[in-house]
2 protein chains.
Amino acid sequence: MHSENDKYFSKTIEKGLLILSLFDRDHSKRSLSEISQITGINKTSVFRFVNTLIELGYLRKNSSNRLIRLGPKSFVLGQNFFHGYDLLQGVKPIIDKTSIQHNVSIDSALLFGRSLISLYRREHPSLIYSRLPILMDDLHARALGKAVLANLESEELTEILKSLRLTKLTPKTITKKKDLLNDLKATRSRGYSVNNEEYFPGMIFIGAPLSNYNTKVVAGAVSLGFRAAEFPLSIIERNYTGILTKMASELSAIITSLDA
Amino acid sequence: MHSENDKYFSKTIEKGLLILSLFDRDHSKRSLSEISQITGINKTSVFRFVNTLIELGYLRKNSSNRLIRLGPKSFVLGQNFFHGYDLLQGVKPIIDKTSIQHNVSIDSALLFGRSLISLYRREHPSLIYSRLPILMDDLHARALGKAVLANLESEELTEILKSLRLTKLTPKTITKKKDLLNDLKATRSRGYSVNNEEYFPGMIFIGAPLSNYNTKVVAGAVSLGFRAAEFPLSIIERNYTGILTKMASELSAIITSLDA
DNA sequence: CATCTCCGTTACTATTATAGTACCCTTATT
DNA sequence: AATAAGGGTACTATAATAGTAACGGAGATG
């Protein structure tokens, strides 16, 4: 929860959106008191806000058990947000083109606060992963994450590292902060990050940062993914890093133009 | 704009969502004064609300030209709304199954207010339409629309017909209210609606209503689509109406269980 | 080059909405 | 029947918003 003292900040809107954002893939129904507990907003206010959202069609209430769910207006809003997000629309054609041209799987993400947001993913037809998260937290175990971390300012990096838990996801996952810092240093000098079966066994990824050329700030990352059985790391580094960095600079140009 | 006298209704939340909903596929950037004009909300309030939405990450502002765009939080919210919308998740497997089993294109929509919301569409691989709308207004020219209209209460029907413009989309589009009423009567007795090249030349659709079995209220519709060149209407009516109505009842059961 | 205009932003209060407590009602539980 | 828990309502002190006014910068216009 934000705690803005800003005069030009509406706490009511913050609360309304906080309530709406409680509904997702894993939480399609919630009760009033549950919402009140989670958000810390008082019961009466939650009642007022939920009532408002129901009247507007963003939520709906089951008349028998009183459980609250997303309404049709949220569904429409969701699609508008998806299709109206200019960064996605800008990034998609470039990733599609590169994926088709070189027959590779590509993933991209944006940095927002301390986590990465999955922006667009294009998979080589034969590869299918299971349901991947929209918000990614395991930055230490991903090519995308390491590409971003390696190019942050040192203050911001230490800030993020403080709250980053180095969870062991595979035998090769980096779990010591010192090892991670060394990896990031190598990443920075190399110009691209390597995830060698650290997130998913049998999968190798290489990643490059995306940045806003004007502000020089890291905005996200792109990665290429390969099956380790088909592509040894040496082959990947020889044949694909050029493709990766070229795509990264194209994407950075787009981001720069949109964020201007 | 709602004008609720309701005591338990937050106008601030209404305004915040009104502002957010101005951003979609066709409007990825807007200025402050533009937002103020469109919404009728006073400039200072728009400034406060937009500022709030920017601080929360739902919008972002270009620092040079001050234009406002969707932010990463909206993108995340959009995906959560899409994947968290239980009606979609409930309807999808049934439509997928039917589409694969009978090799047909299927479209579905929900009634919300006076318009239909496109819920889920599954196309037979060889058919591709251009960008279809999320909100559908031409109810008179669509199988989905006519299936819904034919099963409304007469009061609600006249209410909707009042604001429905019978736009001519193809030579076969129904443009006279009397003809439409006759078609709806036929639709009701038949149990399914027919769109014979009235929306798109060369395409025939048949549609059936979806309803909540408890409340007996029409909730939406499903339709099957065919190329007129391949499937004459007589063949469609002989072979596919059973499939359509069976699917419609399965979907209605889902809707009933979720809306309880 | 001066002026005008538009837009975003800030300052300031009267007015209005919200927070929070208390209380009631319905439903589920024992 | 008693109890508990959750949803919904009433009420008022308190805090937030609406709206007017006014400022400053950027771009347009003469």
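This one's a predicted model, so the numbers in the text were calculated from it and none came from an experiment. Throughout, protein chains are lettered first and strands after them, A, B, ... in sequence-line order, and every chain is numbered starting at 1.
For D:dA10, the base has a donor-acceptor partner in the side chain of B:Y8 [N/O atoms by modelled type, under 3.5 angstrom]. The base of C:dT10 is not paired with the side chain of A:K7 by any donor and acceptor separated by under 3.5 Å. Residue-to-nucleotide contacts include a donor-acceptor pair under 3.5 Å from the side chain of A:K43 to the base of D:dG8. For B:T44 against D:dT20, a side-chain N or O and a base N or O form a donor-acceptor pair under 3.5 Å.
Side-chain polar atoms of A:R48 and B:Y8 form no donor-acceptor pair below 3.5 angstrom. Side chains of B:R114 and B:S163: a donor-acceptor N/O pair is present below 3.5 angstrom, by distance only.
In this structure, B:K15 atom NZ and D:dA16 atom C1' are separated by 12 Å, rounded to whole Å. Atom CD1 in B:I54 sits roughly 11 Å away from atom C1' in C:dG8 (whole-Å rounding). Rounded to a whole Å, the CZ atom of B:F47 is 20 Å from the P atom of C:dC6. Spacing between atom CG of B:N65 and atom P of C:dG8 amounts to 10 Å, rounded to whole angstrom units. For B:N51 and D:dA16, the CG to P distance is 15 Å, given to the nearest whole Å.
With values rounded to the nearest 0.5 angstrom, A:L56 atom CG is found 6.5 Å from A:L53 atom CG.
One finds a salt bridge joining B:D96 and B:K92 here, because a Lys/Arg side-chain nitrogen approaches an Asp/Glu carboxylate oxygen to under 4.0 Å.
Counting any heavy atom pair closer than 4.0 Å across all strands shown, A:S33 reaches sugar-phosphate atoms only and no base atom.
You'll find that the side chain of A:F49 is closest to C:dA19, out of D:dA18, D:dT17, C:dA19. Closest to the A:R48 side chain, of the nucleotides D:dA18, C:dA17, C:dA19, is C:dA19. When distances are taken from the side chain of A:K61 to each of C:dT18, D:dG7, D:dG8, the shortest belongs to D:dG8.
Nucleotides of DNA chain D nearest to A:E34 and A:T12 differ in position, and the one nearer the 5' end is that of A:E34.
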